[in-house]
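Quick notes on the structure that follows.
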Amino acid sequence: MKFFAEEYDVAVIGAGHAGIEAALAAARLGCKTAIFTINMDAVGNCPCNPSIGGTAKGHLVREIDALGGEMGKTADECFLQSRMLNRGKGPAVHSLRVQIDREKYKSTMKYKLERQKNLHLRQAEIVEISRVDENFWSLTTRMEAIYRARTVIIATGTYLKSRIFVGEVSFESGPDGIFPSSFLSKSLIKLGVRLRRFKTGTPARVLRSSIDFSKLEIQNGDEKITPFSYESRGGGGNMVSCHVGYTSARTREIILQNIHRSPLYAGMIEGKGPRYCPSIEDKFVRFADKDRHQFFVEPCGLNTDEMYIQGLSSSLPEDVQIQFYRSLPGFKNAILMRPAYAIEYDCVDPLQLNSTLEFAELSGLFGAGQFNGSSGYEEAAAQGLIAGINAALKVKNRTTLELNRSTSYIGTLIDDLVTKGVSDPYRMMTSRSEYRLVLRQDNADERLTPIGREIGLISDERWKAFEEKQIKKKREIERIKNVAIPPSVEVNAMLVSRETSGISIGTKMFELLKRPQITYDCLREFDVNRSDIDEEIFEQIEVEIKYEGYIKKQLSQIEAMKRLESKKLPTNVDYSQIVGLRLEAVEKLNLVKPENIGQASRISGVSPADISVLLIWLKQRSQRSG
């Protein structure tokens, strides 16, 4: 028999990376919040790789932390190995990636939820969502408990009507053998939500003692540990090593001989898989000119001998998996503890959302994470944080938060989802941002911590530390603009050794640092009054000096885009009534319902000529109303 259980300001469905950030943000902003999970042991689960960050993803984690989110802090607490990727490239693409202790990460996140004021963590499967009235939603659990909430955030990850595939075997299940969310899809469709089917996969886990690591290349972490969180300090060195290997000719042979047994090629899987993270069988088919593919062997934790084999996700039958894994160098006697699998699940067409991640036609209902058609822990957490913030702000009748492309990778991610939509699971990459030299991971706090403070997620202590850092940075910039390095034999020898010209007169440090070959460290012994400040401040100043011209150019581009985004479009307009728009533009504009001219300009199928028509129409409309 159904019964009324409790009433909340914010209800979050799902306790993965998106749900956790959403629930913590809402509760910390003073909303009575509930977070529902099908299984309490799956809170904060990392069903795929045991790592946080990576190319572009590291930027997202830094931005989550700068706004007051939790992922970066917890990754620092649970880290096993740290590496800054793309060191050989420009600072815009430097990205932090850490191996984490998978079980510790789960338990740490669960404990944080349990101890958070205003937050209730509940094990329950939500099977139905319905509208009570314009102020409340009703959520029904499988146990027939009924909860009411002013706002609801759907963060179901890959559990929504999910199905596992291993060769010819297929069954309903979420990741890691957890029950799926089997009934919620039907309820969402009833509300008018457009769903689609996506697919992802994960590699096998192999017993450490069954691997011959002498046949693999070792991959050590960085000597200098860089934390994700601006609040983290120290923490010791790397605790584990990872390894790199390559598939063999025999691996390729086994996979191609059994390709007909892959559900992907047998037509059993209808969902679209991730473009940038294909299964190993897909790699051999799509990249037929490549004889081998790289894989990585990564530990899942300090208290387990499970090793994650990154790069070898598969949905081939288990007997074929055993064969091809044992064909890898060092894996002759490999014991598979968990087979690889593909998982298919329901997600939403994100074109139905606006930039706050609220459904345009369903007030108070939000989407976050893989439910929105993205992939990855970091993308999920970023969306969860924004959805949680905006659900809470809506409850409190405060102005909602809309991050645009010029502010952050988070803004780029959300804008891509709600403006362009997705045809396969969306993955964040540095190339997706046209402003990436401005949106570096090192300056995430400068860009976003003031926003987090205004919202209410940055503590007094952290804000004081942020302000002190900015003062130190400003003072150091003024200092190096006034401090001159005098010419000497030693100075010129150093400059020439770095393939740049010597100096004949005293030269300001600021000018010397503009040279690509010169760094703060080069000048250390000649800088007699060197400031006692954190290395990260030196690095940030150095980047800003060297790339000053490019940064100014991007800032001018940002200003031009802001002017377009300031021109708001009505949400109720029928674009077929605007004379001069092409038919394709009318179709896309009516589907997306862009919030402003800038957003309209980024919709696929809307041309510059269409934007000109919209600008003229807006001007005429303004004149008529004036």
Side-chain angles (χ1 to χ4, degrees), residues 189 192-198 272 274-276 347-363 367 372-374 383 402-407 409-429 431-436 553-554 556-626:
I189 292 169
V193 173
R194 299 191 306 274
L195 298 178
R196 72 255 307 266
R197 200 83 171 143
F198 276 180
K272 190 69 180 292
R275 181 180 307 178
Y276 301 102
C347 59
V348 73
D349 177 355
L351 292 177
Q352 297 163 95
L353 306 171
N354 59 36
S355 55
T356 64
L357 295 181
E358 183 179 20
F359 279 83
E361 304 296 329
L362 296 167
S363 178
N372 287 354
S374 64
Q383 294 170 67
E402 299 181 38
L403 295 178
N404 58 44
R405 303 180 74 86
S406 66
T407 64
Y409 271 64
I410 297 176
T412 304
L413 159 67
I414 293 173
D415 185 69
D416 280 349
L417 290 174
V418 305
T419 302
K420 301 175 183 178
V422 289
S423 58
D424 55 82
Y426 178 99
R427 177 180 178 176
M428 193 67 221
M429 297 181 289
S431 60
R432 294 192 188 274
S433 173
E434 58 270 55
Y435 309 123
R436 55 187 174 274
K553 184 178 179 180
Q554 286 202 350
S556 67
Q557 292 170 345
I558 288 170
E559 286 304 312
M561 181 53 68
K562 282 182 178 177
R563 287 194 291 273
L564 288 178
E565 289 180 341
S566 69
K567 299 181 185 299
K568 302 296 183 182
L569 288 165
T571 56
N572 59 349
V573 63
D574 179 358
Y575 288 94
S576 66
Q577 301 302 307
I578 299 178
V579 177
L581 289 176
R582 296 174 309 111
L583 290 177
E584 182 183 8
V586 168
E587 180 184 339
K588 294 294 181 63
L589 289 165
N590 275 329
L591 179 65
V592 177
K593 295 291 185 183
E595 298 165 36
N596 54 63
I597 292 291
Q599 198 178 73
S601 70
R602 295 188 292 273
I603 298 173
S604 175
V606 177
S607 71
D610 296 315
I611 296 301
S612 297
V613 171
L614 287 176
L615 286 169
I616 293 169
W617 175 80
L618 267 182
K619 185 176 180 179
Q620 292 172 342
R621 185 174 182 270
S622 176
Q623 290 172 344
R624 287 195 300 269
S625 62

- Query: Where do T419 and L351 come nearest, in terms of heavy atoms and distance?
  - Reply: O-CD2, 3.6 Å

- Query: Do you know which two heavy atoms are closest between T407 and N404, and how far apart they sit?
  - Reply: OG1-O, 2.8 Å

- Apply side-chain contact (heavy atoms from CB on, under 4.5 Å) to Q599 and V418, showing your working. CA-CA 9 Å; Q599 198 178 73; V418 305; 4.2 Å; yes

- Task: Can you spot which of L614, V573, I603, V606 makes a side chain to side chain contact (heavy atoms under 4.5 Å, CB included) with P594?
- Result: I603

- Y575 to L581 - nearest heavy-atom pair and separation: O-CD1, 3.6 Å

- Message: Between E559 and K562, does any NZ, NE, NH1 or NH2 come within less than 4.0 Å of an OD or OE carboxylate oxygen?
- Response: yes

- Check: R194 main-chain N/O paired with Q352 side-chain donor or acceptor under 3.5 Å: yes

- Note on the structure: OG1 of T356 to CG of L403, rounded to nearest 0.5 Å, is 11.0 Å

- In Å, rounded to the nearest 0.5 Å, how long is the span from CD of E565 to CD of E402? 10.0 Å

- CG/N596 to OG/S601 distance, rounded to the nearest 0.5 angstrom? 8.0 Å

- Query: Less than 4.5 Å apart, any side-chain heavy atom of Q383 and any of L417?
  - Reply: yes

- Is the closest basic N to carboxylate O distance between R405 and D416 below 4.0 Å? yes

- Task: Taking atom types as modelled, find out whether N372 and S374 have a side-chain donor-acceptor pair closer than 3.5 angstrom.
- Result: no

- Student check: side-chain heavy atoms of Y426 and K420 closer than 4.5 Å: no

- Sub-4.5 Å side-chain heavy-atom contact between D574 and N590: yes

- Message: Is there a side-chain contact between R432 and Y409 in this structure, where contact means two heavy atoms from C-beta onward sitting under 4.5 Å apart?
- Response: no

- Task: Taking R196 for its side chain and V422 for its backbone only, find out whether a donor-acceptor pair lies under 3.5 Å.
- Result: yes

- Query: Could you state the interatomic distance from CD1 (I558) to CE (M561), rounded to the nearest 0.5 Å?
  - Reply: 10.0 Å

- Message: Could you check whether any side-chain heavy atom of L362 comes within less than 4.5 Å of a side-chain heavy atom of V193, counting everything from C-beta outward?
- Response: yes

- Task: To the nearest 0.5 angstrom, please state how far the OG atom of S406 sits from the CD atom of Q557.
- Result: 11.5 Å

- Step through the shown structure and confirm whether more than 12 heavy atoms of other residues, nucleotides or ligands are within 6.0 Å of CD on E361. no

- Item | Distance (rounded to the nearest 0.5 Å) between W617 CH2 and D610 CG | 14.0 Å

- Message: With no hydrogens and no angle check, just 3.5 Å: does a side-chain donor-acceptor pair link T412 and D415?
- Response: no

